Amino acid sequence: ENHDDRRGCEELAEKQPLTVRSGVEPVDRLLGCLQRGHLYLTHGDASGKSLFGVEFLIEGLKHGQPGALITPQRREDAIRRFACVGYDCSHDLSSGALVIFTYSNDIVEQIEQRLDLEPLLLELGPILDESSRERIVFDPVDSLMVAAEHGRAVERARQLAAWVKSFGATIVLVSTDENRAVSESLMPSVRESFRFEVRESLDRVVRFMVFEKS
């Protein structure tokens with residue numbers, strides 16, 4: 001990482017405390033950090049979406065900003081994702097700086113049958129309220145948007161966005177794009193959307209991260 005870029009972003013954060021570093025060098029260099037308290041979306045066909053979320057949480061933990069990972073995956077698998085980028089999150093978990101909340105298929109099934117997110121709110125709401133998380137990652141967010149399959153994508157997206165914004169944290173939503181209606185419905189609610197894709201260029205394959213809203 002370019003030290004001048006990092007120093008410039010940190011100076012910006014000091015002058016404008018409402019900005020936070022994402023921990024993803026191209027984003028901090030080109031976008032000028034993230035805006036605290038806003039939603040961001042990562043999606044697309046290429047890999048890197050989940051890595052964005054992990055790096056975002058790690059950057060916060062390094063600077064004393066507590067984080068939460070909301071996922072349907074097993075806790076062990078989530079911890080392994082941090083280890084894959086060379087970060088041991090065991091101390092953060094034991095100290096409470098990092099919370100990994102794994103929701104069950106039962107919650108997803110309950111949400112699918114309802115017009116609201118009450119089953120998730122009842123379990124997750126108190127945890128986030130009590131712990132004052134500054135960074136939250138939903139990876140993936142798709143399973144919480146299952147109502148989109150029944151033509152209620154925009155309604156569910158607005159509800160989810162309003163709920164997560166109420167915590168005052170900076171939020172990263174990760175979408176697998178298995179159902180494009182999910183990312184499309186979330187787009188109006190996020191400050192920036194990062195699309196990961198792969199293109200063939202001459203004799204090589206190139207990975208792109210597209211800043212869709214800017």
Side-chain angles (χ1 to χ4, degrees), residues 1-10 12-13 16 18-60 67 69-73 78 81-82 84-87 134-146 148-149 153-154 156-158 160-162 164-165 169-214:
E1 180 179 347
N2 187 300
H3 292 294
D4 290 335
D5 292 333
R6 183 182 181 90
R7 183 165 55 251
C9 196
E10 289 176 344
L12 177 63
Q16 301 177 354
L18 295 181
T19 62
V20 298
R21 283 180 50 84
S22 71
V24 180
E25 189 273 335
V27 173
D28 292 328
R29 177 166 53 88
L30 299 176
L31 197 60
C33 301
L34 304 182
Q35 295 297 310
R36 187 186 303 272
H38 286 271
L39 274 66
Y40 293 86
L41 172 67
T42 70
H43 71 107
D45 299 325
S47 60
K49 303 180 292 293
S50 292
L51 178 61
F52 186 110
V54 169
E55 294 286 5
F56 169 73
L57 288 174
I58 291 174
E59 182 68 18
L69 173 62
I70 318 300
T71 178
Q73 299 177 347
R81 279 156 49 183
F82 285 84
C84 285
V85 293
Y87 187 85
E134 293 188 39
R135 299 185 181 218
I136 304 175
V137 173
F138 288 80
D139 184 11
V141 71
D142 303 68
S143 52
L144 303 180
M145 297 285 292
V146 287
E149 298 176 4
V154 175
R156 176 54 58 84
R158 288 174 179 168
L160 179 66
V164 296
K165 281 183 177 180
T170 309
I171 314 287
V172 170
L173 307 173
V174 181
S175 174
T176 62
D177 265 6
E178 291 182 3
N179 182 349
R180 291 300 299 272
V182 171
S183 55
E184 290 173 0
S185 63
L186 288 169
M187 199 75 71
S189 301
V190 301
R191 186 173 183 89
E192 182 59 89
S193 174
F194 306 103
R195 187 178 77 250
F196 290 76
E197 62 180 55
V198 174
R199 299 177 186 172
E200 292 186 4
S201 176
L202 298 177
D203 58 343
R204 59 178 179 160
V205 175
V206 182
R207 285 178 52 192
F208 286 86
M209 182 170 64
V210 183
F211 293 59
E212 291 188 300
K213 299 194 76 170
S214 61

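Since the model is a prediction, treat every value here as computed from it, not as a measurement.
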Check: Between Lys165 and Ile171, does a side chain to side chain contact (heavy atoms under 4.5 Å, CB included) hold up when you go through it step by step?
Finding: CA-CA 8 Å; Lys165 281 183 177 180; Ile171 314 287; 6.0 Å; no
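By the 4.5 Å heavy-atom criterion applied to side chains, Ser50 and Pro140 are not counted as neighbours. Contact check for Ile136 versus Val164: no side-chain heavy atoms found under the 4.5 Å cut-off. You'll find the side chain of Leu34 reaches within 4.5 Å of the side chain of Phe56, heavy atoms only.
The NE2 atom of His43 sits 9.0 Å away from the CD atom of Glu197 when rounded to the nearest 0.5 Å. With rounding to the nearest 0.5 angstrom, the CE atom of Met209 is 7.5 Å from the CG atom of Leu30. Remark: Arg158 CZ to Ser189 OG distance equals 8.0 Å, nearest 0.5 Å. Taking CG of Leu41 as the reference point, atom CZ of Arg191 lies at 15.0 Å (rounded to 0.5 Å). Taken from OH in Tyr40 to CG in Leu186, the straight-line distance is 15.0 Å, to the nearest 0.5 Å. Between Arg135 atom CZ and Leu69 atom CG the span is 14.0 Å, to the nearest 0.5 Å.
Between Arg207 and Gly48, the shortest heavy-atom distance links the atoms NH2-CA, 3.7 Å. Here the shortest heavy-atom pairing between Lys213 and Ser193 reads CG-N, 4.0 Å. Nearest heavy atoms, Leu144 versus Arg156: O-NH1, 3.2 Å. Of all heavy-atom pairs spanning Gly44 and Asp177, the tightest one is N-OD2, 3.1 Å. Here the closest non-hydrogen pair linking Asp142 and Thr176 is OD1-N, 3.0 Å. Of all the heavy atoms in Ala157 and Ser185, the pair that sits closest is CB-O, 3.3 Å.
For the residue pair Asp28 and Ser22, a side-chain donor N or O sits within less than 3.5 Å of a side-chain acceptor on the partner.
For the pair Thr19 (side chain) and Gln35 (backbone), a donor-acceptor distance under 3.5 Å is absent.
Residue pairs meeting the ring pair (Phe, Tyr, Trp, His ring centres under 6.0 Å) criterion with at least one member in residues 174-214, sequence neighbours excluded, are Phe52-Phe194, Phe194-Phe211.
Take Gln73 and apply the side chain to side chain donor-acceptor pair (under 3.5 Å) test, not counting sequence neighbours, and it matches Arg81. In this structure, the side chain to side chain contact (heavy atoms under 4.5 Å, CB included) partners of Glu184, at least two apart in sequence or on a different chain, are Arg180.
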